[in-house]
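Values below: every heavy atom of this structure, side chains too, minus hydrogens, waters and symmetry copies. In what follows, chains carry the letters A, B, and so on, assigned in the order in which the sequence lines appear, proteins first and then strands, with residues in each chain numbered from 1.
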Amino acid sequence: MSEHAPERTLYDHRSAEPRWQAEWTARACFRADDVPPPGQPKYYVLEMFPYPSGSIHVGHVRNYTLGDVVARYKRARGFAVLHPMGWDAFGLPAENAALERGLHPAEWTRANIATMRSALQRLGFSHDWSREVATCDPAYYGQQQRLFLTFWQAGLVARRETWVNWDPVDNTVLANEQVIDGHGWRSGAPVEKRLLAQWGMRITDYAPQLLEALDDLPRWPERVRTMQARWIGRSEGARVRFELEHAAAGLDEIPDFIEVFTTRPDTLFGLSFIAVAAEHPLAAHAAAASPEAARFVAECRAMGTSEAAIASAEKRGFDTGLRVRHPFDPARTAPVWIANFVLMEYGTGAIFGCPAHDQRDLDFARTYGLPILPVVARPDGDASVQADAYTGPGTLVNSAFLDGLDPDQAKRAAIDRLEAAGQGQGVVNWRLRDWGISRQRYWGCPIPVIHCATCGPVPVPDGQLPVILPEDVTFDRPGNPLDRHPTWKHVACPTCGSPATRETDTFDTFVDSSWYFARFCSPHSAQPFDRAATDGWMPVDQYIGGVEHAILHLLYARFFTRALHDQGRIGVAEPFAGLFTQGMVTHESYRAEDGAWLSPNEVERQDDGTLRARGTGAPITVGRGEKMSKSKRNTVDPGAIVDQYGADTARWFVLSDNPPERDIEWTEAGVAGAHRFLQRVWRLVLSTTDGTADPMPLRRATARTIAGVTEALETFAFNVAIARLHELASAITDAERGGVPLAARREALLTMARLMAPLAPHLAEEVHATLDTASDQLIAQLPWPEADPALLVVDTVTIAVQVMGKLRGTIQLPPGAAQPAALAAAEAEPNVARALEGLALEGRRIVKRIHVPDRIVNFVVA
RNA sequence: GCGGGCGUGGUGAAAUUGGUAGACACGCCAGAUUUAGGUUCUGGUGGCGCAAGCCGUGGGGGUUCAAGUCCCUCCGCCCGCACCA
């Protein structure tokens with residue numbers, strides 16, 4: 001056996017990683033107090049907690065690695081760090097698993113949590129596991145019920161008959177935010193509209209605040225802020241009452257007027273028609289009176305929102321026969337239509353149509369031959385109606401008292417007149433809807449309400465909380481098993497004592513994730529959270545997760561925090577001071593000739609570089625990198641990567657090459673490359689060659705690396721941090737070859753280990769323990785290295801010399817060299833001199849000499 | 001349609017924020033050591049050119065001594081929202 005057996009030169013992650021993980025736990029390195037120590041700055045790092053689906057995927061690895069780099073770095077920088085982890089554990093997949101596999105959702109969820117917890121722990125993340133919470137635990141959701149009741153008291157909860165989005169596959173209501181393109185966000189089934197009594201949160205009360213405060217979140221991505229702003233959707237306009245002519249006397253209980261919302265009250269004289277949504281009460285009246293109207297309304301509803309994209313091409317309507325009077329000219333009337341392009345959920349569910357100045361109205365008017373009256377002339381005076389509706393600036397015409405005004409003036413004048421006449425008022429309209437939180441599902445937090453025939457809905461008294469989800473339920477039929485439970489829902493009314501029933505709906509799981517960040521501050525509190533703990537830790541300094549939560553989760557969490565703030569229960573109005581949205585992890589997809597998707601481990605690279613099916617050698621088609629998905633089978637199991645290469649390799653790879661906000665493509669070559677580099681570091685550690693060369697250049701390189709890595713970590717440029725560490729490794733390799741003493745190289749390696757520690761913590765500890773046998777501390781306990789300023793001082797700088805802006809050479813000068821010296825050296829540079837001579841021969845001479853100290857010299861020749 | 005973002009070698013990218021474009025890595029080429037290696041190490045690698053040099057950050061134009069970076073304009077790609085009155 002040779003002296004350098006291969007096993008001895010390889011870093012063995014299989015033994016090192018569990019050893020260091022155990023050591024961190026034993027020393028409680030990542031334990032945080034419920035209140036950060038006084039005098040020490042705090043830093044709360046939070047990654048969006050996972051749904052316990054059963055296994056971690058590489059997206060999780062990336063998400064938690066990013067958070068862990070920040071947590072470990074901030075800890076080393078002297079911050080008291082809170083870095084918790086828990087489980088967003090309620091939700092539909094657990095019920096589906098129950099149906100498919102006969103497992104109870106609780107059992108399935110708990111097993112998944114156990115698996116995923118150990119998978120995460122194997123990656124060496126510095127989470128404080130003593131603060132772990134699961135939203136399906138009564139200790140958590142009981143506090144959530146308490147929060148709900150305080151929200152109710154604060155007037156933020158409403159029970160209303162509302163048109164809801166009904167998912168016919170999942171048998172539940174969906175929030176607007178959960179309807180994607182007319183389909184359920186989870187089931188993908190076309191969403192229907194149903195009228196149901198629902199619990200809702202009055203998030204619209206907070207629309208102005210939620211919008212304005214976006215400006216105070218500079219550490220949020222622009223993209224997310226604009227998405228939220230558009231979702232909240234503020235628009236200024238007017239509500240206008242149109243009195244109905246009661247000509248159609250056959251209709252019972254027709255209201256006296258229709259109210260519309262418009263952003264263009266200036267164009268009221270262009271009125272051509274009124275259009276109401278199919279769900280509008282007036283449409284119901286019309287349907288009651290006329291079979292044709294009923295048929296049209298039914299058609300619209302059947303179409304639902306699912307065909308919205310297709311329907312957008314075709315505007316369809318039905319004339320109810322009703323007419324309204326013009327608010328400014330009672331002699332003028334216009335017809336009332338039911339139209340498929342009017343949305344019940346925006347504004348008042350009714351519009352006034354001004355075809356000349358609104359494209360949709362124009363399309364509709366042309367389809368049904370309705371009048372088109374221009375009321376805004378273009379700046380050149382042309383008021384004619386062209387192919388497209390005119391929405392630009394101009395002057396009002398055909399508009400009585402508004403004539404001659406510009407649209408902005410006319411809006412104000414029209415609103416003034418409406419208000420004076422009691423026919424409308426200027427309003428701000430919001431796109432944001434109230435948040436429906438009832439779900440007809442079992443596996444969620446029970447809504448703590450009792451329905452009494454005499455008292456109505458009654459809150460469950462605090463002493464009876466939590467309302468525990470019963471576990472003895474069956475899933476043999478569709479619908480909510482809580483409804484069918486023999487005893488659970490039957491209770492006495494807390495107010496009058498008469499027989500009553502529990503609410504059997506459960507909360508939307510987005511409620512669960514709207515306050516977990518506060519719970520993490522004091523996870524064992526007998527209240528939702530302790531004020532001292534949230535005062536100490538909130539807000540979250542750095543929140544990290546996928547951009548798919550840009551609207552739903554982040555908006556609800558902001559709403560909850562604001563509401564709690566206004567109730568005096570929490571000290572911050574915004575939960576997340578900094579938000580980072582990471583890119584996806586993608587992978588090539590592979591398809592066999594018959595079109596079947598192949599997983600990466602069913603594919604093999606041939607000697608000629610082509611990819612073929614493993615075993616059969618059949619040719620395959622390689623698709624571009626795209627989001628990993630089970631259907632395309634292009635997923636990679638992080639567990640297998642950790643087994644083969646170790647946690648540090650997986651972490652290093654997801655941080656390498658790409659900036660974290662961008663998508664990365666997972667490649668076997670990239671993983672192998674990360675692993676090679678870590679092994680290379682280990683070989684440097686094992687080197688025993690000694691020498692007597694000057695160690696100063698290596699020391700300077702190390703100091704520069706400290707500065708470079710620090711800056712990179714501060715700016716989330718983790719790929720750049722890795723590049724800097726590669727450079728230091730090369731410098732140490734060069735030093736070894738150049739005979740730099742072993743002790744100096746080991747000093748550099750010890751610094752390198754500390755710089756690497758946030759990214760590859762296990763190897764870092766191994767290096768540290770190997771080279772500094774005197775230390776009884778772990779890197780996890782040590783402060784961040786400081787660069788000696790003296791070592792950052794350079795004795796020469798390279799200055800570029802340009803002639804007419806083109807690079808002609810470089811010169812070496814001491815830093816801070818004065819202009820005369822710099823110019824002289826520049827002119828003396830042979831290549832520069834030659835260029836200048838050549839120009840002089842053409843009779844051209846230097847007219848200007850630019851000198852930027854330590855940067856550049858530029859000779860400008862006329 | 002509206003909003004946001006992006007466009008740099010064969011590939012992923014970097015660029016002190018207006019000052020030497022391509023750091024670092026993958027890949028590729030050549031060599032060394034091994035030679036069972038998908039090992040390790042060294043050198044090379046934007047394009048054209050023998051060279052001096054010229055060209056080069058999606059295209060065009062502008063500002064400037066100097067532009068990947070700022071301004072105008074066009075093209076292309078990605079993401080989000082979308083009959084929002």
Side-chain angles (χ1 to χ4, degrees), chain A residues 6 9-10 180-181 221-227 229-231 233 235 237 260-264 267 275 277 305 308-309 311-315 339-343 345-354 357-361 363-364 429-431 547-548 550-551 583-584 605 607 609 625 656-659 661-665 667-670 672-674 676-677 679-680 683 707-708 711-712 717 719-727 729-730 733 737 798-810 831 834-835 846-861:
Chain A
T9 63
L10 276 177
I180 315 291
D181 238 353
E222 183 69 32
R223 183 158 70 120
V224 174
R225 282 184 289 160
T226 53
M227 280 165 74
R230 288 168 68 86
W231 188 264
S235 65
V260 307
F261 172 75
T262 177
T263 56
R264 295 298 303 272
T267 63
T305 43
S312 70
E314 196 192 352
K315 305 255 180 300
N340 66 344
F341 68 95
V342 180
L343 306 173
E345 51 278 357
Y346 186 79
T348 62
I351 62 161
F352 93 85
C354 175
H357 306 292
D358 182 286
Q359 191 58 45
R360 291 173 311 252
D361 297 349
D363 296 342
F364 189 74
N429 193 62
W430 301 89
R431 205 190 84 113
V547 74
E548 66 273 18
I551 294 174
M584 294 184 305
R605 191 166 290 278
D607 292 339
S656 300
D657 294 339
N658 273 41
E661 66 275 15
R662 229 173 282 184
D663 291 352
I664 49 169
E665 172 139 347
T667 64
E668 188 65 23
R676 265 203 308 279
F677 176 74
Q679 293 295 353
R680 182 181 167 205
R683 283 196 303 276
E711 194 200 335
N719 54 328
V720 180
I722 283 179
R724 297 286 98 87
L725 289 164
H726 275 283
E727 287 168 346
S730 296
T733 305
R737 195 162 312 122
T798 305
I799 296 177
V801 183
Q802 299 179 338
V803 177
M804 294 297 285
K806 282 192 198 297
L807 184 71
R808 292 298 170 207
T810 58
N831 211 33
R834 195 146 43 83
I846 298 170
V847 294
K848 203 166 176 186
R849 294 171 171 83
I850 309 284
H851 172 235
V852 180
D854 297 348
R855 283 278 157 75
I856 205 158
V857 169
N858 190 8
F859 295 106
V860 185
V861 178

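Interface remark: the A:R676 side chain does not form any donor-acceptor pair with the B:U39 base, using a distance-only criterion of under 3.5 Å. Contact annotation: side chain of A:R724 to base of B:C24, donor-acceptor pair absent below 3.5 Å.
Under 4.0 angstrom from either OP1 or OP2 of B:U20 there lies no side-chain N or O belonging to A:K806. Considering only side-chain N and O atoms, A:R683 lies under 4.0 angstrom from the phosphate OP1 or OP2 of B:C41. The side chain of A:N719 contributes no N or O atom lying less than 4.0 Å from OP1 or OP2 of B:A13. Distances shown here put a side-chain N or O of A:R737 below 4.0 Å from the OP1 or OP2 atom of B:U42. For B:A14, one of the phosphate oxygens OP1 or OP2 lies less than 4.0 angstrom from a side-chain nitrogen or oxygen of A:R662. Between B:C54 and A:R808, a contact under 4.0 Å exists linking OP1 or OP2 to a side-chain N or O.
Smallest separation of non-hydrogen atoms from A:G353 and A:D361: CA-OD2, 3.3 Å. Between A:Y346 and A:S235, the closest heavy-atom pair is OH-OG, 3.0 Å.
Using a 4.5 Å cut-off on side-chain heavy atoms (C-beta onward), A:N658 and A:E665 make no contact. At a threshold of 4.5 Å between non-hydrogen side-chain atoms, the residues A:H726 and A:S656 do not count as touching.
Summarising the local packing, CD of A:E711 is surrounded by 12 or fewer heavy atoms from other residues, nucleotides or ligands at distances under 6.0 Å.
In this structure, the nucleotide among B:A85, B:C81, B:A23 sitting nearest to the side chain of A:Y346 is B:A85. Comparing B:U20, B:G38, B:A85 by their closest approach to the side chain of A:E668 singles out B:G38.
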**Message:** Is there a side-chain contact (heavy atoms from CB on, under 4.5 Å) between A:I551 and A:V224? Walk through the geometry before answering.
**Reply:** CA-CA 7 Å; A:I551 294 174; A:V224 174; over 6 Å; no
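A cation-pi geometry, defined here as NZ or CZ lying under 6.0 Å from the six-membered ring centre and within 45° of its normal, holds between A:K315 and A:F341.
A:N858 comes within 4.0 angstrom of a nucleotide base, judged by non-hydrogen atoms across all strands.
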**Nucleotide pairing, RNA chain B (Watson-Crick or G-U, distances under 3.5 Å), in dot-bracket with [ ] and |** = (((((((..(((......[....)))((((((.......))))))(((....)))..(((((..]....))))))))))))....
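B:U16 atom P lies 14 Å from atom CD1 of A:I856, rounded to whole Å.
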